[in-house]
Amino acid sequence: MMLSIKKKKSSMLVFVDKNRIFLLFGLVFLFMALFAPRFFNVFNLTTIMRTMSMNATVAIGFTVILIIGQLDLSIGTMVTFTAILGLGLKEYIGFGGSVPAAIIAGGLIGLINGLLVAKAKINSFIVTLGMMIILQGSIYTFTGGNSVSLSSPDAFAVSDWMAKMVVPLLTPRVIITLLLVVGGSLFLRRTRTGRNFYMVGGNVQTAWLAGINTDRYTIAAFVLSGVMSGIGGILFAMESAAATLNMGDSSLMYVISATIIGGTAMSGGKGGVFKTFMAVLMLDVLYNGIILFGLGNEVKIFIAGIILASVVLYEAYVAYRHEKIIGQRPELLKELDGKELKSPELG
Amino acid sequence: MKKIVLLLTVLLLTVSVGMVFAGGQQEAATESGDSSSTLEASLALEDEVLNLKAADGQALIKLSGTGRDVPPRPDDPSALPEEDPLHWWDMEYAGEISNKTNIPESPADGAIGKNVIMIVHGDHPWTTACTTGAQKVADVYDMNLKVQSPNWDLAVQNQMIDQAINERPDMILLIPLDAKTAPQQARKINRAGIPLILFNTLPDAAAMDYAITWTGPDDFGQFRKLARLWADELGKEGGVAYVQHAPGGSPYFARCWGPISELAEYAPDIKVLDKQAPGFEADKTMQLVSDWLTRFGDELVGICAADDSAQALGIFEALKKAGREDVVVIAAGNSKVGMDLVKEGKLFAITYQTAEGDGALAVKTAADWFNGEEIEPVRNLPQHMITAADVEEFYPPQW
């Protein structure tokens, strides 16, 4: 009986642990729906979906980076760079050329990052920090300090289309984001290639011994991160009809927080795109509600910090517990739990 | 499988419960005329508003007096050289020519009790003073003034605009984070049928089509005047350098190209040695100016800074280390640090840019609109240069 209760309790805890981001999202959403003025209406919920769109797209690539145990600090500046490039080239080659060009540029930047990390064996923190600074300088050099905007009437036509509600809550940009999230999630979970990213992140030596080309996967992850940053940036710029010089600055910390809160481990080998997406959504619901309550920016930063710290502490506790019981034989423990040891038959 | 079903059920239940209970939380938009405001009572408050004082003892609401002289617009200002003042026409005189589109008509029922949302650009002591001034005027009219700050994040400002539209206020006051994104932001508010006033930072000219008016400092005009004062002090010759504002906004251009283009005509023998945007950190500015002193030596006789606090401190630190306190420095004011430096004789002159007045003027203009008055396309704050001769009159500082 005791064992059965313990089993159920343990099973419930495991369930809560595995699905904490969904439960957290539900709690935050319910709180805001109950108490935040003007929260629960189609317009406001669509605002939340539109706001989360850019960071959710960028977070797809960043999740894969963390899964393989690396870091990409250049995602924010890649967003800005690709957005400026995309809008800047539009005048010469139209959107049909400039949007793919921007996305390819993001991929190429990711490729450079990946090659330096995988082949030159430079720490990803240093590589991507350097890339971030190079891109910042490039942005200021090429724009001369000016933001880039679309000239009317193009500006409004594009922006209106991107912001138009196709069905309640969903605009074209949001739909693209959701498709990328679903696609990314299925790819990582349901394909061998996707699962290999987890292997590389979990234990790179084991993955190599298993015949996985770990360098290739590392490079692919950075390319994916660059592509996603490019998509996020250019779509946001098209809806704003302009690209400013610091539009991607806040994305880095936001995406890192969301990815970790969503359960992706910085040590690698664990995490998922869909949970990261739920974390982005949860944070945006929270920030939306904070604004509706009329609270200041400092409250938003404080609460986000509390959530992140709580998640990190919890992860640290889980790791500590794991270290404590590592090497123990659970079947032996079960035998000892309320039952006598069966004496071996002596023959 | 069971657990997934359970999870989805919990989520669905959460959303449904939210829908049921949240229905009662939605507040209807305040209709104009719901409150006890009357036009006469609102107009009667005019004198009280005009007598308000800022923290520095200056009148809170001050206008620039008679309108400024606006030269005819060239056919293509961008084709002119940057040293030509008319190259900056579209930015400097934004709003003077606009095709007002779908501007709501004033209800002309007074400003008392109106709901106004003010979306600023970011957290800064200047912004605190600005919102203080705005609140002073709002209090007189018993307006419900809600101030929101996106802390320099464009995505957050866009979200705040969307949420403000959702609230259906009687007026939105907006400092656009970036001139180029302002047209889209202004158009969105305009299409929602909400009256809009842009203030402080000059937007792209297209944004003016969707706003009732723009209020704020004539940055270009101030800096042109300041440049002349500076040139006279320099004897209209020598090399000068510019410490610029953050790239992208109108101050970046106004506080650098304003004086450059003015001096190109007024003092052509003054040579521009360099212009850089080191940000608003004293140590980076100090490094920049030290580099200038090394590069240009005695050729550098003047520095123009976009900010009279952190940037000015960095400038004087570098000048002191190099023993070059003879360099004539001007800046955009007017913070406590800047005024202290003017008082000490370090800063030659700063512009008077009343932060409280900036916020107050935006709210006062909103009140005038609610009162049914005709609003000019641009309302500027007064221009004044603070020097050692009159700096005491501006204490205590607003920020």
Side-chain angles (χ1 to χ4, degrees), chain A residues 11 15 18-19 22-23 25-27 29-41 43-44 46-48 50-51 54-55 140 143-152 155-156 159 163 236 239-247 249-251 284 287-288 291-292 294 296-298 300-301, chain B residues 3-4 6-8 10-11 13-15 17-23 25-27 29 122-123 146-156 158-168 177-185 187-188 191 204 206 209 244-249 252-253 256 277:
Chain A
S11 172
F15 175 78
K18 271 192 177 164
N19 298 291
F22 301 104
L23 297 169
F25 169 78
L27 269 170
F29 188 91
L30 185 60
F31 182 85
M32 294 304 172
L34 288 175
F35 300 112
R38 283 171 232 94
F39 175 82
F40 205 93
N41 59 66
F43 189 87
N44 191 57
T46 309
T47 299
I48 293 171
R50 284 167 60 198
T51 308
M54 180 178 81
N55 287 326
Y140 280 99
T143 62
N146 294 320
S147 302
V148 176
S149 64
L150 295 174
S151 53
S152 308
F156 299 144
S159 180
F236 180 74
E239 189 168 325
S240 304
T244 60
L245 302 184
N246 55 1
M247 58 180 270
D249 282 3
S250 60
S251 285
D284 268 307
Y287 296 158
N288 179 277
I291 294 169
L292 288 172
N297 195 57
E298 63 281 359
K300 175 179 136 181
I301 296 169
Chain B
K3 284 176 185 169
I4 292 170
L6 176 63
L7 191 64
L8 283 171
V10 167
L11 269 175
L13 209 60
T14 305
V15 171
V17 168
M19 280 170 75
V20 167
F21 282 93
Q25 293 288 333
Q26 305 311 309
E27 294 169 25
D123 300 339
K146 190 169 163 185
V147 179
Q148 294 174 347
S149 167
N151 205 23
W152 315 104
D153 190 326
L154 176 63
V156 176
N158 285 344
Q159 183 184 1
M160 285 178 169
I161 288 170
D162 285 338
Q163 288 183 250
I165 291 171
N166 192 29
E167 282 187 53
R168 311 297 309 174
L177 257 173
D178 189 275
K180 302 273 172 128
T181 58
Q184 183 51 24
Q185 292 175 324
R187 183 168 172 269
K188 201 192 302 188
R191 287 175 82 180
D204 195 85
D209 294 350
Q244 294 173 291
H245 204 273
Y252 173 76
F253 301 102
C256 170

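All values below were derived from every heavy atom in this structure, side-chain atoms included, with hydrogens, water molecules and symmetry-related copies excluded. Residue numbers start from 1 in every chain, and the chains themselves are labelled A, B, ... in the order their sequence lines are given, proteins ahead of strands. Everything numeric here is computed off the predicted structure, so don't read it as measured data.
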Work out which heavy atom in [X] is nearest to a heavy atom in [Y]; give both atom names and the distance.
X: Q163(B); Y: N44(A); result: CG-OD1, 3.7 Å
X: S149(A); Y: K180(B); result: OG-CD, 3.2 Å
X: W152(B); Y: N246(A); result: O-ND2, 4.3 Å

Legend entry - chain A interface, residue from Q244(B), Q185(B), R191(B) that has the most non-hydrogen pairs under 4.5 Å: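 When all of Q244(B), Q185(B), R191(B) are compared, R191(B) has the most.
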
Legend entry - Winner by heavy-atom pair count (cut-off under 4.5 Å) against chain A, out of K146(B), Q148(B), R187(B): R187(B)

[Y] side chain reached by [X] side chain, heavy atoms, under 4.5 Å:
X: M247(A); Y: D178(B); result: no
X: N166(B); Y: T47(A); result: no
X: L154(B); Y: F236(A); result: yes

Which atoms of [X] are under 4.5 Å from chain A, going by heavy atoms: the side chain, the backbone, both sets, or neither?
X: V147(B); result: neither
X: T181(B); result: both
X: Q159(B); result: both

Inset, instruction - Using ring pair (Phe, Tyr, Trp, His ring centres under 6.0 Å) as the criterion, list what pairs up with F31(A), not counting sequence neighbours. - result: F35(A)

Side chain / backbone / both / neither for [X] at chain B, heavy atoms under 4.5 Å:
X: L245(A); value: side chain
X: S240(A); value: both
X: I48(A); value: neither

Legend entry - Side-chain donor or acceptor of Q184(B) paired with backbone N/O of A242(A) under 3.5 Å: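 Checked: no pair found.
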
Value rounded to 0.5 Å, distance of [atom1] in [X] from [atom2] in [Y]:
X: K188(B); Y: F156(A); atom1: NZ; atom2: CZ; answer: 12.0 Å
X: M160(B); Y: Y287(A); atom1: CE; atom2: OH; answer: 12.0 Å
X: K300(A); Y: D153(B); atom1: NZ; atom2: CG; answer: 6.0 Å

Inset, instruction - Report the residues that fulfil side-chain hydrogen bond (donor to acceptor under 3.5 Å, both in side chains) with E239(A), sequence neighbours left out, ordered by chain and then residue number. - result: R50(A), R173(A)

